[in-house]
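As the structure is a computational prediction, the values presented were derived from the model and not from experiment.
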Amino acid sequence: MALNIPWFDSSRDDISVQMAQLRKKLSPRGDVVSEAGQRKTMEIFGKPLTPQEVVAQICQDVEEKGLEAVLDYSRRIDGADLTLAELRVPEEEMAEAHRQASPEFLQAIRHIHDNIRRFQTAILHRDVEVPIEGGYLKQRYRPLQRIGICVPGGAAAYPSTVLMTAIPALVAGVPEIAVVAPPTANGAYNRDMLATCYEIGVREVYRVGGAQAVAAMAYGVEGLPRVDKIVGPGNLFVALAKKRVYGEVDIDSIAGPSEVVVIVDRSTQTQYTALDLIAQAEHAPGASILIGHERDVLEAAVDTLDAALNRLERGEWARQSLEAFGAVILAKDVEEVCQLTDLLAPEHLHIATSNAAELEEKIHHAGAVFLGNATPVAVGDYAAGPSHVLPTSGTARFAHGLSSNDFLRSHSVIHLEQEGLRRLAPDIAILATQEGLTAHRQSVVERVEP
C-alpha cells in the first residue's frame with residue numbers, strides 16, 4: 001500500500017494556513033474525541049461529555065472527596081480495585097524489581113544518569129550577588145520542596161521519562177519526588193520503571209494515572225500529599241488536568257502529541273530520514289514533517305519512507321499517523337526552509353544537512369535541535385543529557401524544554417547600609433509622591449532625615 005502523505009509546495013500552497021490546521025489537530029485543546037472515547041465516557045459518566053468536561057468533573061470530585069474519588073476513578077477508568085494501602089508501591093517491591101533487573105539494563109541506566117546529571121548540573125542557576133554603593137543585591141535560587149512526575153503507562157513503559165524528569169529535579173536539590181503511573185503492566189507495575197526509580201533514588205511511586213492522578217497531586221489526598229509542581233507527559237486528559245490545576249500548583253507545560261521537523265538536502269541519507277520520521281509517527285499520534293527545497297531529494301526520501309514502513313514492527317501505526325498528521329513541504333530555497341521551520345516552531349528539529357550548524361543559527365523557534373546525519377532525535381529522547389520533555393504544538397515560540405532550573409524558585413535579596421538608603425531616597429521620594437503613596441515615601445525619608 002503506497003504511503004499517502006500530504007505534499008505542500010510553497011509556490012502555490014499557503015503553508016501557514018496548512019500548518020495552523022495541523023497544529024490545531026494535534027493541540028491539547030480537547031475538542032476531538034474518538035468513538036471509543038465517547039463510548040467510554042458514556043459508560044463512566046452516563047452522559048456525553050467533552051474531554052474538558054470529563055477532566056473538570058474528575059478534578060472537582062478529587063478536590064471535594066479526596067482519596068475516595070481517586071480510588072473510584074481508578075476502578076471505573078483503569079479497572080484497578082485498589083485500597084489506600086495498595087496505592088503506594090512498597091519500597092521492597094521496588095528493591096526487588098531492581099534486584100531482578102538485568103545488569104545490562106542497569107548499566108545503561110547508570111550511563112544515561114551520568115550524562116543527564118553532567119548536563120543539568122552545568123546549566124543550573126547559581127546565586128548571583130551584585131555589589132552596589134552602600135549595600136548589595138542578590139538573586140538567590142532555592143529548590144522546590146516537593147514535585148510530582150507523571151509517567152505514562154498505556155501502550156508502552158517509559159523508564160526514560162523517569163530519568164528525564166527526576167534527574168533534573170534531583171540536580172536542582174528537590175528533596176521530595178513523587179512519581180505517579182497508571183495501575184497497569186506498563187505503568188506502576190512495570191518492573192523496569194520501578195527499578196529505574198530505585199536506581200536513581202526515587203522511593204515514592206503511586207499506582208494512579210490520568211486526570212485523577214494530576215488532581216490528587218495538586219490538591220493532596222490521604223496517602224498522597226500535595227506537590228508544588230507537576231511535570232511529565234501524558235494523554236489528552238493528563239494535559240487538560242494539568243491546565244486546570246495550574247495556579248494550585250506549577251506545571252511544566254500543556255503538551256500535545258510528539259512532533260518532528262526534518263530538514264534535508266542532497267547530503268542527507270534517505271534511509272536515516274525515513275527512520276527519523278517514523279520514530280515520531282510511531283507514537284501514534286505524532287506529527288512528522290519533512291522539508292527541503294529540492295523536489296527530487298524529497299521524493300527520494302518519501303520512497304524510502306514507504307519501504308521502511310513495511311519492515312518495522314509499528315509500521316502500520318506510523319503509516320496511519322504520517323497520513324493523518326504528516327507533511328512534505330517543498331520550499332523555494334534554503335532561506336524559506338528556515339522561515340517555514342520557524343513558523344512551525346517544532347518540538348524536535350532535526351537539521352540533517354551538510355550545513356546544519358549554519359542553518360541552526362537562522363532558526364529561532366524549536367524545543368530541541370539535532371544537527372547532522374549522526375544525531376537522530378532518539379539520542380535526545382534517551383541518553384544525551386537535555387530533558388526530552390519539550391514544548392509542542394508550536395509553543396516553542398515562547399516555551400522551553402524541562403531542565404534542572406525549572407525545579408528552582410528564585411527570590412531577590414536587598415541589603416542597604418544607611419549610606420545606600422540615603423543615595424536612593426530622593427528618587428524613591430519623587431516617584432512615591434507622584435503615585436500618591438505617602439507612607440512609602442515616609443518609610444524611606446524618615447530614615448535618612450537628620
How long is the span from the [atom1] atom in [X] to the [atom2] atom in [Y], to the nearest 0.5 Å?
X      : Y      : atom1 : atom2 : result
His365 : Thr341 : NE2   : OG1   : 11.5 Å
Ile291 : Leu298 : CD1   : CG    : 8.5 Å
Gln269 : Thr304 : CD    : OG1   : 11.0 Å
Leu87  : Ser74  : CG    : OG    : 7.5 Å
Ile112 : Leu163 : CD1   : CG    : 6.0 Å
Asp192 : Cys197 : CG    : SG    : 11.0 Å

Give a yes or no on whether the backbone of [Y] and the side-chain of [X] come within a donor-acceptor separation of less than 3.5 Å.
X      : Y      : value
Gln60  : Gln57  : no
Thr41  : Pro48  : no
Asn186 : Gly154 : yes
Ser160 : Tyr382 : no
Lys242 : Gly232 : yes
Ser387 : Met164 : yes
Arg207 : Glu86  : yes

Closest approach of [X] and [Y], non-hydrogen atoms and distance?
X      : Y      : answer
Ile77  : Ile58  : CD1-CD1, 4.0 Å
Lys229 : Asp406 : NZ-O, 2.8 Å
Glu323 : Asn4   : OE2-N, 3.0 Å
Ile177 : Ala169 : CD1-CB, 3.9 Å
Leu82  : Pro183 : CD1-CB, 4.2 Å
Phe237 : Asn235 : N-OD1, 3.0 Å

Would you call [X] and [Y] a salt bridge, taking side-chain N to carboxylate O under 4.0 Å as the test?
X      : Y      : value
Asp342 : Arg397 : no
Glu199 : Arg110 : yes
Lys65  : Glu68  : no
Arg142 : Asp127 : yes
Arg99  : Glu92  : yes
Arg146 : Asp228 : no
Arg319 : Asp306 : yes
Arg75  : Asp72  : yes

Residues Val179, Val89; criterion side-chain contact (heavy atoms from CB on, under 4.5 Å); working and verdict: CA-CA 10 Å; Val179 170; Val89 178; over 6 Å; no
Is there a side-chain contact between [X] and [Y], using heavy atoms and a 4.5 Å cut-off?
X      : Y      : answer
Val208 : Pro182 : no
Leu71  : Thr83  : no
His348 : Asp381 : yes
Thr161 : His388 : yes
Ser288 : Phe325 : no
Phe407 : Gln120 : no
Val231 : Val389 : no
Arg140 : Ser410 : no

Trace of the side-chain hydrogen bond (donor to acceptor under 3.5 Å, both in side chains) decision for Glu259 with Thr392: CA-CA 7 Å; Glu259 58 197 36; Thr392 64; 5.2 Å; no
Does the side chain of [X] pick up a donor-acceptor pair with the side chain of [Y] at under 3.5 Å?
X      : Y      : result
Gln145 : Glu176 : yes
Asp265 : Ser267 : yes
Glu248 : Tyr246 : no
Gln100 : Glu96  : yes

Ring pair (Phe, Tyr, Trp, His ring centres under 6.0 Å) pairs, two or more places apart, involving residues 144-199: His98-Tyr198
Check against side-chain contact (heavy atoms from CB on, under 4.5 Å), Val221 and Val62: CA-CA 8 Å; Val221 299; Val62 171; 4.0 Å; yes
Classify the ring geometry of His350 against Phe370: parallel below 30°, tilted from 30° to 60°, perpendicular beyond 60°. perpendicular
Can you tell which of Ile263, Val262, Val337 makes a side-chain contact (heavy atoms from CB on, under 4.5 Å) with Thr353? Ile263
Flag if over 12 foreign heavy atoms under 6.0 Å of NE2, His400: yes
Exceeds 12 heavy-atom contacts within 6.0 angstrom, atom OH of Tyr272: no
Assess whether side-chain contact (heavy atoms from CB on, under 4.5 Å) is satisfied between Val151 and Val180, documenting all intermediate values. CA-CA 6 Å; Val151 177; Val180 297; over 6 Å; no
Chi angles and distances behind the side-chain hydrogen bond (donor to acceptor under 3.5 Å, both in side chains) call for Glu282, Ser321: CA-CA 7 Å; Glu282 73 175 347; Ser321 196; over 6 Å; no
For Phe119 and Ser403, run side-chain contact (heavy atoms from CB on, under 4.5 Å): C-alpha distance rounded to whole Å, both residues' side-chain angles, the deciding distance at 0.1 Å, then the answer. CA-CA 9 Å; Phe119 178 81; Ser403 79; 6.0 Å; no
